[in-house]
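The block underneath contains the structure these notes are about, expressed in structure tokens.
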There are 2 protein chains.
Amino acid sequence: MPKRKALTESQIRRIAKALADPRRHDILKKVGARTHGVACADLRECQPVSAATLSHHLKDLEAAGLITIVRRGKFADIILQRDVLEAYLNHLRAI
Amino acid sequence: MPKRKALTESQIRRIAKALADPRRHDILKKVGARTHGVACADLRECQPVSAATLSHHLKDLEAAGLITIVRRGKFADIILQRDVLEAYLNHLRAI
DNA sequence: TCATCATTTAGACGGTTATCGAATTATCAA
DNA sequence: TTGATAATTCGATAACCGTCTAAATGATGA
């Protein structure tokens, strides 16, 4: 039996909304594809979007708990939180 | 290895958006909880929402492929499409 | 046929959100 | 310190979305 992280209702709502935008979905994919942290500039290479917009989306994803953003000097270090995504999957599976 | 239904990009987008609204999420849960078809009126008992709004949400869920709506005389027969939901889960899992 | 009930459509309104450019903060290197 | 680079914040705008009421459609039964 896998350990399951519990999600609050409001976190579930935030996650669902975060996943609903194609741009954020793409960002998540890109971040998940790398084992090491990703910087904003890396993402901008594949997302035809302004830095302001990207930053905005990242904040949404972070608020949902799907990523963490650690500032490392000049760069951001963006990491996918697989356990949160997994918990959301479990939640959907329960439908 | 389970058979996997393939989803188009646009269907994935529709599904994600459909799941993003708490009301639709609740509707889906309610529909999934029953083995037999559900009618609109059944849903209205637990959703404090007008019939028009409910119908609107059902159309979104149907467009996403998450439910089918069959008109049976006076009533609608709403059925969860588990295989589509499952396919979406597989898609998210691939992140 | 007529009244009634279940659902859908049409049209409108208010709130949310994705987006941008410009200004700001933070860090590094020369 | 100064300039360049990375990212965030601010303020504005346009599009989208959830909701409603009112009206229409469709089916059942008296």
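Chain A is the first sequence line, chain B the second, and so forth, proteins listed ahead of strands; every chain is numbered from 1.
D26(B) places no side-chain N or O within donor-acceptor distance of the main-chain N or O of R23(B), the cut-off being under 3.5 Å.
Listed by residue number, there are no residues of residues 25-42 of chain B with a heavy-atom contact under 4.0 Å to DNA chain D.
Of all heavy-atom pairs spanning L7(B) and Y88(B), the tightest one is CD1-N, 3.6 Å. Closest heavy-atom contact between K30(A) and C46(A): CE-SG, 3.3 Å. Contact between I69(A) and A76(A) at its shortest, heavy atoms only, is CG2-CB, 3.9 Å. Listed here is the closest heavy atom pair of L80(A) and I67(A): CA-CG2, 4.3 Å. Contact between V31(A) and I79(A) at its shortest, heavy atoms only, is CG1-C, 4.0 Å.
Inter-residue side-chain proximity for I27(A) and L54(A) is flagged as met; some heavy-atom pair is nearer than 4.5 Å. In this structure, the side chains of L43(B) and C40(B) stay at 4.5 Å or more apart for every pair of heavy atoms.
Side-chain nitrogen and oxygen atoms of R24(A) include at least one within less than 4.0 Å of the OP1 or OP2 phosphate oxygen of dA18(C). Residue R44(B) has no polar side-chain atom (N or O) positioned under 4.0 Å from OP1 or OP2 of dT7(C). In this structure, H56(B) does not reach the dT7(C) phosphate: none of its side-chain N or O atoms is under 4.0 Å from OP1 or OP2.
Two end axes, each from the C1' atoms of five base pairs, can be drawn for the helix from dT1(C)-dA30(D) to dA30(C)-dT1(D); they diverge by 20°, to 10 degrees.
In the set dT8(D), dA18(C), dT16(C), dT8(D) carries the atom at the smallest distance from any side-chain atom of I69(A). Closest contact between the side chain of F75(B) and the listed nucleotides dA6(C), dT19(C), dT9(C) involves dA6(C).
Ring centers of H25(A) and H57(A): at least 6.0 Å apart, outside the cut-off.
Between R24(A) and D60(A), at least one side-chain nitrogen of the basic residue sits less than 4.0 Å from a carboxylate oxygen of the acidic one, meeting the salt-bridge criterion.
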Summarise protein proximity over nucleotides 21-30 of chain D in one line of letters, 5' to 3': B for base, S for sugar-phosphate only, - for none, counting protein heavy atoms closer than 4.0 Å.
-> BB----SS--
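Comparing K59(B) and L54(A) by the nucleotide of DNA chain C that holds the closest heavy atom to each, the one mapping nearer the 5' end is K59(B).
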